[in-house]
Amino acid sequence: MPTEKIKSTPTDFIRAIIAEDRRNNKNNGRIVTRFPPEPNGFLHIGHAKSICLNFGIAAENPGGVCHLRFDDTNPSKEEDEYVRAIKEDVKWLGFDWGDKLFYASDYFDKLYEYAVRLIKMGRAYVCSLSAAEIREYRGTLTEPGRNSPYRERSVEENLDLFAGMKNGEFSEGSHILRAKIDMSSPNLNMRDPAIYRILKVSHHRTGDTWCIYPMYDFAHCLSDSIENITHSLCTLEFEDHRPLYDWFLDVLEVHHPQQIEFARLNLDYTVMSKRKLMQLVDGNYVNGWDDPRMLTISGLRRRGFTPAAIRNFCRTIGIAKRENRIDMTVLENAVRDDLNDPANRVMGVLKPLKIVIENYPEDKEEELEVANHPKNSEMGSRMVPFCREIYIEQTDFMEDPPKKFFRLGPGREVRLRSAYFITCTRVIKDSDGRVIELRCTYDPASKGGSSPDGRKVRGTMHWVSARHGVKAQVNLYDRLFTVENPEADKKKDFKDFLNPDSLVNLDNCVVEPGAAQLKQGQQVQFERQGYFCLDSSSEPARPVFNRIVTLRDTWAKINKKQPGRK
RNA sequence: UGGGGCGUCGUCAAGUGGUAAGACACAAGACUUUGACUCUUGCAUUCGUAGGUUCGAAUCCUGCCGCCCCAGCCA
């Protein structure tokens with residue numbers, strides 16, 4: 001009877017507001033949220049936080065829905081490839097938008113009408129200043145801006161010009177539609193912001209239908225309104241934009257979603273902006289958006305993370321307004337926690353050291369039964385071949401071990417997991433003095449891993465039969481950067497802090513035969529090493545494993561504290 | 001020095017006037033055929049800071065200090 005881990009969703013300030021709104025029957029009790037990505041890159045773990053929040057809230061509230069809407073208002077940066085990837089990622093994370101899939105571009109006609117309405121109300125005008133002039137007229141943080149000389153054009157002239165913009169009569173940059181608000185507002189967003197610009201670029205969905213495109217601020221709040229979103233959840237940097245959204249919505253007298261801002265996710269030892277991730281991809285610092293070192297959803301998926309691990313991670317970190325920087329260990333803990341119960345155990349040796357068991361008959365081979373999970377017998381067992389020559393981990397042997405080391409050393413006895421006790425009798429070295437092989441004896445009475453005389457051994461090691469093991473490549477992944485916050489040093493480029501050891505390819509690994517038969521993407525635990533899965537580049541003859549995460553390693557910690565000992 | 005936010009354990013984070021939850025990390029111990037898992041214990045006399053109100057303040061008031069965001073025809 002498996003006991004399912006019950007993990008309740010902690011209530012955060014946004015959920016508290018929404019619960020209160022339901023109590024007050026605001027919006028007739030409807031809860032409609034949305035996840036609004038721009039299709040100009042792949043989703044990352046920071047987006048997962050927003051996805052879990054928006055879709056999570058919809059799922060928690062009876063009748064709640066969450067839309068997936070692509071904010072595709074800038075055709076020069078957006079591509080259909082990203083749309084497909086984003087949909088796949090959201091689905092993979094375990095969320096369902098049902099038939100609520102939208103695009104801001106669905107609303108281009110409507111948005112255009114809204115703009116015309118603003119012009120007719122005398123609340124928007126066509127400005128013919130250049131980009132540089134507009135910047136100049138905008139003023140600074142401490143000085144008010146100045147009115148554009150085009151600010152008082154007549155409604156007729158504005159209508160005419162805007163139609164001309166739409167009809168492609170003008171070149172890019174020659175005119176722009178602006179909201180007429182207040183050039184002296186202390187909030188720069190209110191200083192007559194641009195709402196439509198000329199962009200003679202073909203759009204991934206509307207093709208060449210348009211040569212003017214709405215700005216994000218205009219399109220976003222109105223798209224939310226059109227979709228009848230009740231709660232527009234976004235990150236902190238849009239707090240300053242809220243007064244502008246309020247202005248558009250109020251002036252146009254349309255449905256007014258409630259915007260609530262929360263802090264975006266920051267994770268140690270990585271960067272979290274699409275722009276920077278794009279640089280890593282374009283500069284070939286990583287092998288694509290789905291490089292397992294990238295904290296993109298696709299990278300995490302390829303690395304072997306489970307959707308539940310990511311969801312649990314998002315639940316753990318919470319939602320609040322203060323700036324945050326999460327320990328990488330929280331993410332790591334989330335996968336370990338999710339994989340511990342379901343993952344089968346297998347044996348794989350990353351850095352092999354050969355052992356010859358001298359008293360084991362040369363021509364003998366046997367199959368030993370090994371449990372697939374130490375705590376769950378329902379997960380069964382498998383037969384693993386054993387013979388006179390086996391491999392163990394190089395790090396499991398020390399010629400001159402410290403007291404606390406309870407693995408193999410000269411004259412020491414250890415247990416081979418589910419196999420036999422062996423004792424090291426001789427160490428063979430090469431001409432450089434490196435240990436290349438061990439000679440051992442085994443105790444035939446200890447078959448299965450325990451001795452009838454009750455003799456105890458402290459160390460238990462994983463092993464693979466040299467005759468039967470399958471050669472494999474293993475990719476070890478580590479943090480992408482060497483410093484906690486690669487963006488902290490404003491004088492240096494974040495790429496200066498890339499970790500040269502973020503990917504280590506081990507191509508001399510050997511795994512038990514069954515491990516090579518795994519399904520691609522299937523997570524397993526290599527005993528005493530960590531969780532791994534078969535990479536998509538894997539081939540039956542040459543399996544390639546990705547290390548998802550290591551196991552907790554208390555020994556490594558103890559070892560670290562004893563300098564002079566490696 | 002304009003405007004908008006935020007300051008509770010190393011890192012996240014509850015707490016909304018009644019005497020500091022939880023998670024990760026860390027430390028010690030138990031168990032162990034994974035130095036894993038699991039379990040037990042410890043870990044903020046104190047909530048940026050200084051005053052004030054109150055029987056009582058992380059919570060209310062005032063001043064100060066610190067951090068983040070905003071001057072794209074990006075989102």
Side-chain angles (χ1 to χ4, degrees), chain A residues 10-12 16 36-38 40 71 73-74 76-78 127 129-131 134-136 138-145 172-178 184-191 193-199 213 215-217 219-220 235-243 261 263 268 274-275 315-334 336-337 340-341 345 347 370-371 373-375 404-407 415-419 421 446 448-450 456-462 484 525-530 550-559:
Chain A
T11 167
D12 50 70
E38 183 192 13
N40 68 341
D71 269 341
T73 55
N74 186 354
S76 57
K77 291 184 176 178
E78 296 151 7
C127 180
L129 253 22
S130 70
I134 285 184
R135 194 179 316 126
E136 226 179 286
R138 186 155 33 226
T140 68
L141 293 178
T142 50
E143 300 157 29
E172 285 189 15
S174 58
H175 303 285
I176 190 171
L177 186 70
R178 293 227 254 169
S184 65
S185 171
N187 181 344
L188 299 247
N189 293 122
M190 302 299 271
R191 318 243 262 226
I195 58 184
Y196 260 96
R197 80 288 215 188
I198 300 169
L199 239 36
Y213 293 93
M215 297 291 293
Y216 170 85
D217 279 338
H220 184 80
T235 42
L236 254 27
E237 67 270 28
F238 293 106
E239 219 150 13
D240 282 343
H241 296 237
R242 183 155 30 92
E261 306 85 5
D268 274 354
K274 272 193 277 186
R275 216 194 95 245
R315 195 201 47 245
T316 302
I317 60 175
I319 298 287
K321 292 194 77 162
R322 65 184 87 96
E323 292 291 331
N324 59 79
R325 170 152 236 104
I326 310 289
D327 275 1
M328 196 58 102
T329 56
V330 180
L331 218 210
E332 293 174 347
N333 184 261
R336 289 194 194 106
D337 191 47
N340 181 43
D341 286 347
R345 272 56 173 171
M347 292 192 285
V370 183
H373 196 288
K375 297 248 169 125
K404 289 211 168 171
F405 184 85
F406 40 82
R407 276 110 98 146
R415 169 167 41 234
L416 293 178
R417 173 105 231 224
S418 302
F421 286 4
S446 64
S450 56
K456 297 286 182 209
V457 292
R458 189 67 202 273
T460 299
M461 293 158 23
H462 57 101
E484 276 188 18
Q525 183 192 104
F526 281 11
E527 289 213 40
R528 307 205 305 133
Q529 301 280 357
T550 62
L551 255 28
R552 274 205 194 81
D553 191 348
T554 309
W555 167 244
K557 256 186 258 169
I558 296 168
N559 207 19

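- Partners of A:Arg242 by side chain to side chain donor-acceptor pair (under 3.5 Å), not counting sequence neighbours, listed by chain and number: A:Glu261.
- Judged by atom type and distance alone, A:Arg458 reaches the base of B:U32 through a side-chain donor-acceptor pair under 3.5 Å.
- The shortest side-chain heavy-atom distance between A:Asp240 and A:Leu188 does not fall under the 4.5 Å cut-off.
- For A:Tyr216, whose side chain is taken as the heavy atoms from C-beta onward, the closest listed nucleotide among B:G35, B:G2, B:A75 is B:A75.
- Nearest nucleotide to the A:Asn74 side chain, out of B:G72, B:A75, B:G4: B:A75.
- Going from the C1' atom of B:C26 to that of B:A58 covers 25 Å, rounded to whole Å.
- Partners of A:Glu527 according to the salt bridge (charged side-chain N to carboxylate O under 4.0 Å, His left out) rule, which considers only residues two or more places apart in sequence or in another chain, are A:Arg417.
- Take A:Ser174 and apply the side chain to side chain donor-acceptor pair (under 3.5 Å) test, not counting sequence neighbours, and it matches no residue.
- The gap from the P atom of B:U54 to that of B:C43 amounts to 35 Å, rounded to the nearest Å.
- Using C1' as the reference atom, B:C67 and B:G48 are 10 Å apart when rounded to the nearest Å.
- A search for side chain to side chain donor-acceptor pair (under 3.5 Å) contacts involving A:His175 returns A:Ser128, not counting sequence neighbours.
- Residue A:Thr142 is the one, among A:Val457 and A:Thr142, whose nearest nucleotide of RNA chain B lies closer to the 5' end (criterion: closest heavy atom).
- Contact of the A:Arg325 side chain with the A:Asp268 side chain is registered, since non-hydrogen atoms from C-beta on lie closer than 4.5 Å.
- No hydrogens or angles were tested; on distance alone, nothing pairs the side chain of A:Asn187 with the base of B:G4 as donor and acceptor under 3.5 Å.
- Candidate nucleotides B:G4, B:C24, B:U34 were compared by shortest atom distance to the side chain of A:Asn333, and B:C24 ranks first.
- If you check every strand for non-hydrogen atoms under 4.0 Å, A:Arg345 touches a base.
- The side chain of A:Pro374 lies closest to B:A36 when the candidates are B:A36, B:A71, B:C73.
- Distance check on atom P: B:U19 versus B:A27 gives 33 Å, rounded to whole Å.
- Minimum atom distance to the side chain of A:Ile176 is reached by B:C73, of the listed B:A75, B:G3, B:C73.
- When the P atom is compared between B:U49 and B:C55, the two are found 25 Å apart, to the nearest whole Å.
- As judged by a 4.0 angstrom heavy-atom cut-off over every strand, A:Ser450 is placed among the base-contacting residues.
- The salt bridge (charged side-chain N to carboxylate O under 4.0 Å, His left out) check on A:Asp12 picks up A:Arg15, with sequence neighbours excluded.
- At the heavy-atom level, A:Met215 lies under 4.0 Å from the strands shown only through sugar-phosphate atoms.
- Side-chain proximity of A:Lys557 to B:G35, B:C26, B:G2: nearest is B:C26.
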Nucleotide N/O of nucleotides 10-16 of chain B paired with protein N/O under 3.5 Å:
from  : atom 1 : to       : atom 2 : distance (Å)
B:G10 : N2     : A:Asp327 : OD2    : 3.1
B:U11 : O3'    : A:Arg325 : O      : 3.2
B:U11 : O2'    : A:Arg325 : O      : 2.5
B:C12 : OP1    : A:Arg325 : N      : 2.9
B:C12 : O5'    : A:Arg325 : O      : 3.4
B:C12 : O2'    : A:Ile317 : O      : 3.0
B:A13 : OP2    : A:Arg322 : NH1    : 2.8
B:A13 : O5'    : A:Arg322 : NH1    : 3.3
B:A14 : OP1    : A:Ile319 : O      : 3.4

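- If you measure from atom CD of A:Glu78 to atom P of B:A75, you get 7 Å, rounded to the nearest angstrom.
- Looking at A:Gln525, its side chain comes within 3.5 Å of the base of B:U34 through a donor and an acceptor atom.
- Nearest to the side-chain atoms of A:Glu38 among the listed nucleotides B:U34, B:A75, B:A71 stands B:A75.
- For B:G72, the glycosidic angle deviates from 0 by 90° or less, giving a syn base.
- Under 4.0 angstrom from either OP1 or OP2 of B:G2 there lies no side-chain N or O belonging to A:Ser185.
- On the C1' atoms, B:G51 is 13 Å away from B:A57, given to the nearest whole Å.
- Side chain of A:Leu141, nearest nucleotide from B:G35, B:C70, B:C73: B:C70.
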